[in-house]
Structures are given as structure tokens and as C-alpha cells.
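Scope of the values below: all heavy atoms of this structure, side chains included, with no hydrogens, waters or symmetry mates. Not measured: the values here are computed from a predicted model. Just so you know, ligand 1 is whichever comes first in the structure, and atom 1 is the first atom listed for that ligand.
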Amino acid sequence: MYIDGVWCDAAARFQVVNPANGETVGEVPDGGDADAARAIDAAARAFPGWAGQTAYDRARLLYRAWEIMTERAEDLARTMTLEQGKPLRAARNEVRYGADFLLWYAEEAKRVYGETIPAPRGDQRFIVLRQPVGIVAAITPWNYPVSMVTRKVAPAIAAGCTIVLKPAEATPLCAIKVFECLEAAGLPAGVVNLVTAADPAPIGDIFLTDPRVRKITFTGSTAVGKAIAARAAAQMKRVSLELGGHAPFLVLEDADPVHAAKGAAMVKFLNTGQACISPNRIFVHERAVDAFTEAFVSRVGRMHAGNGLDDGVQIGPLINEAAVEKVESQVADAAERGAEVLCGGCRMTEGALARGAFYAPTVLSGVVPSMRIYREETFGPVAPIIAFRDEQEALAMANDTHYGLASYVYTRDIARAFRMFEGLDFGIVGINDINPTAAAAPFGGSKESGLGREGGHEGITEYLETKLGGFSI
Ligand code: NAD
């Protein structure tokens, strides 16, 4: 753990396991409530000094952290593949994306502008300041174990906040390496603090009950996010929540079905489907559905699963046994209710795959709303295909979900593209674009997918409080 500028241990440690083969890849401190409290103490002591630094000083340190992370990218990517399982190429992409937040917020730190407002009285002046909210507690998931950390830490410290982070128990090694980069950049003691723990609940309790913590930023499941938001309300802490998704992927009548199938296969099986923006329902116009399905199944059937460190691997393991069981039960439910399994549909156990949490890339057709997979986030390598008749029907089906994070549309018709962009009730709409994300762009969802945005110029405002000065002159 990294508390008050010092690496420290806990009374106990817990093991980190490679989901590709069950081997132990590391051991980290199993922190508890006292460690979380100590980290908040350190963040509280550091806050006035850090908030008082100039934006230029903070920007310089963030820029240095970006340089260091970029130099250490390969080591970070290998660590990610070992503890999380994604193919090394994908891990390298994530490290680059993660580092981008340090660079972007090094720049945004200098653009925290206030406002002057014309006042109703002649002897009155209004000035608006934007100041750091204070001490931030952050909780991150395992599926993007580097970028989810920098997407919170970078804007928080750019704004002048200090922070305590609790990473997911499956992927603490990546968080440790990110914090090593921050330490090497020369951040003052207490500005960034890291508490690793096998059991998140006691740490969460301290974050939620210590009145000095003014902001909780959480990425993870909708269930935990709701519980955190409810408890944060007791002290009116500010919250940012990046939660689950159930992305629709629409292939309209005029789209090239083969091109769309390529895009759908790439985004659906990214990170073995363990992404909050992973398509969970693929809607294809009835005239395009046969051509789409043929091209899609042919691609998916050729995907190579294995240990992400091996060349040519496109599909890594799921994070653990529970994740495999969830996928198995959703597929079984769909099959029982009449879905057809066009490929995959089972665990992978050939050779070395038997030691890991591998599930075959799967395509289902004939999926209907009564099936669990139609509404529940799968977080695994299963692609349900649903045919539709007209655009309005497709839009209504796409919006028929409690989630509102990402959505995708394939069309070559500009008017249709606009109608879909405006009509889809999601925070992110990719139009013929399967990667509508970047450090410079706001990421986040509506409905039960969360509150607030990360990235872009909006990302830093989540860590700023607005203060009005009224002057009578
Ligand atoms: P999770 O909610 O189980 O865990 C997320 C984090 O919360 C982990 O660090 C975990 O230790 C912690 N946590 C769990 N219970 C807690 C408690 N009682 N108190 C405090 N902390 C607690 O989710 P997960 O399985 O790790 O991640 C998968 C989910 O995250 C999916 O639903 C996915 O869609 C979502 N996700 C969303 C985004 C986004 O930006 N919207 C990005 C990545 C993942």
C-alpha cells in the first residue's frame, strides 16, 4: 500500500491469481479499515498544500507521470495480462489510453476557469471560482485496471484534490505499478494514497462514513454503485458513478452487413466481452440478418483463445469461475427459451485452457425479451442477434433497458445516423465507430449506468466545487 508517501504492508497479505492458468502471480497487503483511515488522514494533511500549488506546478507533475508511465508501458501491459488475462496487445492499448488521462489532465489543470457575471445592482460584482472539492475516495474495477485508475486520479489531482484509491481485489498489481509511476514523478506525500484489500466492504465503510471525504468516485457494478450512492447521501458526499451497461448494436437496412459484422465482432469480444460498453444485444434489419450472421459467425468461429502472453491470442480468460458460471447460466436460459447457439456455447477445456476460466466465443440467434440475456449485463463473450423490421421498432427495442451507457449504429445514410444519434437514450453513441472513447471525450452513462462523466473537459469538473463571490463596492 502507498500511504503518506511511504510503501507499507498490512498485517496480512492476499494472493493475486492469473485467470489464464490459476497460477499465483503476486501477493499484496490485505489492508483494513485502519489503513483506509490512515490514508484519509494523510490525504487531509496534504490537501491544503496541494490545493495551494499553482495549476502549472500540478500540471508539471502530471506530465512527468505521463512520461514515466509511457516509459514503463511494456512492464505495465505484461502485469495486466498476467493478473487480468487480456491479450498483451489489448493490454498495451489500455496502458496508452490510461497514460493519456495523465497528459490530458496535465493540460486541463491550466484551464480551470472561473466566471464574472453581470450583477443586477450597479454597486454589485459577481465572481465565480472553481475550487477543488477536497478529499476524494476512489474505487475501481478489474476489467480495465490501469485506465480506470488514471481516469479518476488524474482529474482529481489536476483539480487540486487529494485522493485515496482502493483498486479491485483481482487486479491490485496494476494499481501498484501506476502508483509507482506517480511516486517517481515526485508527487508530495499524501496527495495520492493506495489501499489494497481482499475485502472491499470495510474500506468502503470508512470512505462513506468519514466526513472529511467529500467525494466518492466509483466504477463497477450498478448494484454496488447504487448502495454507495445511497450511503453517500447520508453525508451529502458528491458521487460520480460509472456503472454497468447493456449496449445495443444496430445494423440498419442500408449498412454493409459484412463490414458491420467485422465491427461487431471486434467490439463484442474485446476483453472477452468484459467491458461496460460491450454490445449485449445486436439488432440487425431482417433483410441484412442472414448476411450479417454468416459473416459474424465465420469471424467469431476463427477467434483464437489462450494465454494473453502468447502470440495471436484474441480471446483471454474470464476473470474467475463465477464469471464463467454467470455466462453459462445466461446461455442455458436463452437456449431453454428457444435461442439457437450458432457457435460456442460452452466452456473451453482443451489442453492448457482447462486450467483457466475460458468460455468459447458464442453467438446466439432468435433472442427474445423474455430471456435473461436480453436484459442482464453478460460481461462475457456472448453475442445475441435479434432481427428487426423497421428503424422505429429498432430504436424502441434498443432503448428498452435500464442501462444507458454505450450504443452503436451502422448505417450509410446521414439522416438515419442523425435520427439514431438523437434518439438513442445512451451517453455514448458510436456511429460506424466501435471505439468512441478517448481521454479528450466525455465518457459515462444515463439511467442506471451512472452519474457524471469521466474524461474530456467535463471530467475535471467532477472534482471542482463552484463558489460565488458577491461583492458590494
Ligand atoms: P463490482 O461492483 O463488484 O466491483 C467494483 C469495485 O467495487 C471493486 O473495487 C470492488 O472491490 C468494489 N466493491 C465491491 N463491493 C464493495 C463494497 N461493499 N464497498 C466498497 N467497494 C466495493 O464490479 P466488478 O465486477 O469489479 O466490475 C464489473 C462492473 O463494472 C460491470 O458491471 C461493468 O459494466 C462495470 N464497469 C463500468 C465501467 C464504466 O465506466 N461505466 C467501466 C468498467 C466497468
Side-chain angles (χ1 to χ4, degrees), residues 14 16 19 28 30-33 36 83-84 86 94 97-98 101 137-152 164-172 174-175 194-209 213 216-232 237 239-247 270-280 318-320 322-323 326-327 376-380 401-407 426-428 436-437 441-456 459 462:
F14 68 99
V16 183
V28 300
D30 187 3
D33 47 9
E83 71 173 347
Q84 195 265 337
K86 73 181 59 158
E94 189 195 328
Y97 175 59
F101 288 99
I139 299 175
T140 49
W142 47 266
N143 59 341
Y144 287 91
V146 165
S147 55
M148 295 302 100
V149 171
T150 53
R151 203 158 82 168
K152 298 183 184 312
V164 181
L165 175 92
K166 191 214 76 66
E169 47 278 26
T171 55
C174 279
L194 173 70
V195 178
T196 51
D199 178 3
I203 314 287
D205 285 347
I206 297 291
F207 286 175
L208 285 157
T209 52
V213 173
I216 309 257
T217 172
F218 171 83
T219 298
S221 61
T222 294
V224 176
K226 283 179 179 177
I228 285 178
R231 290 185 64 197
K237 294 182 195 296
V239 288
S240 292
L241 303 165
E242 297 285 356
L243 309 176
H246 204 278
L270 195 70
N271 206 8
T272 316
Q274 301 170 112
C276 48
I277 58 169
S278 187
N280 224 132
L318 290 168
I319 192 67
N320 54 30
K326 180 178 178 195
V327 172
E376 285 177 20
E377 187 180 34
T378 304
F379 235 56
T401 166
H402 294 303
Y403 292 110
L405 189 55
S407 56
F426 294 83
I428 300 166
T437 58
F443 185 105
S446 58
K447 300 199 241 173
E448 294 193 7
S449 288
L451 282 178
R453 293 294 180 270
E454 290 188 324
E462 302 278 333

When you measure from the centre of the six-membered ring of Phe443, is the NZ or CZ of Arg453 closer than 6.0 Å and no more than 45° off the axis?
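Checked: cation-pi criterion not met.
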
Who pairs with Val224 by side chain to side chain contact (heavy atoms under 4.5 Å, CB included), at least two apart in sequence or on another chain?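 With neighbours one apart ignored, the set is Phe218, Ser221, Ile228.
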
Taking only residues two or more places apart in sequence or in another chain, which ones pass side chain to side chain contact (heavy atoms under 4.5 Å, CB included) with Asn320?
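By the side chain to side chain contact (heavy atoms under 4.5 Å, CB included) rule, Asn320 matches Ala322, Ala323.
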
Review point. Hey, is the main chain of Glu377 close enough, under 3.5 Å, to the side chain of Lys326 for a donor-acceptor pair?
Key: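 Pair found, side chain donor or acceptor close to backbone of Glu377.
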
Using atom types as modelled and distance alone, determine if a side-chain donor or acceptor of Lys447 lies under 3.5 Å from a backbone N or O of Thr401.
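Here the side-chain-to-backbone pair exists.
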
Name the atoms and distances for all side-chain donor-acceptor pairs under 3.5 Å in residues 137-148, with sequence neighbours left out.
| residue | atom | partner | partner atom | Å |
| --- | --- | --- | --- | --- |
| Asn143 | ND2 | Gln274 | O | 3.2 |
| Ser147 | OG | Glu94 | OE2 | 3.0 |

Put together the list of close N/O pairs, under 3.5 Å, between ligand 1 and the protein, could you?
| residue | atom | partner | partner atom | Å |
| --- | --- | --- | --- | --- |
| ligand 1 | 2 (O) | Ser221 | N | 2.8 |
| ligand 1 | 2 (O) | Ser221 | OG | 2.6 |
| ligand 1 | 9 (O) | Thr140 | O | 2.7 |
| ligand 1 | 9 (O) | Lys166 | NZ | 3.2 |
| ligand 1 | 11 (O) | Lys166 | NZ | 3.0 |
| ligand 1 | 11 (O) | Glu169 | OE1 | 2.6 |
| ligand 1 | 23 (O) | Ser221 | N | 3.3 |
| ligand 1 | 25 (O) | Trp142 | NE1 | 3.2 |
| ligand 1 | 26 (O) | Trp142 | NE1 | 2.9 |
| ligand 1 | 30 (O) | Gly220 | O | 3.2 |
| ligand 1 | 32 (O) | Glu377 | OE1 | 2.7 |
| ligand 1 | 34 (O) | Glu377 | OE2 | 2.6 |
| ligand 1 | 40 (O) | Arg151 | NH2 | 2.9 |
| ligand 1 | 41 (N) | Leu243 | N | 3.3 |
| ligand 1 | 41 (N) | Leu243 | O | 2.8 |

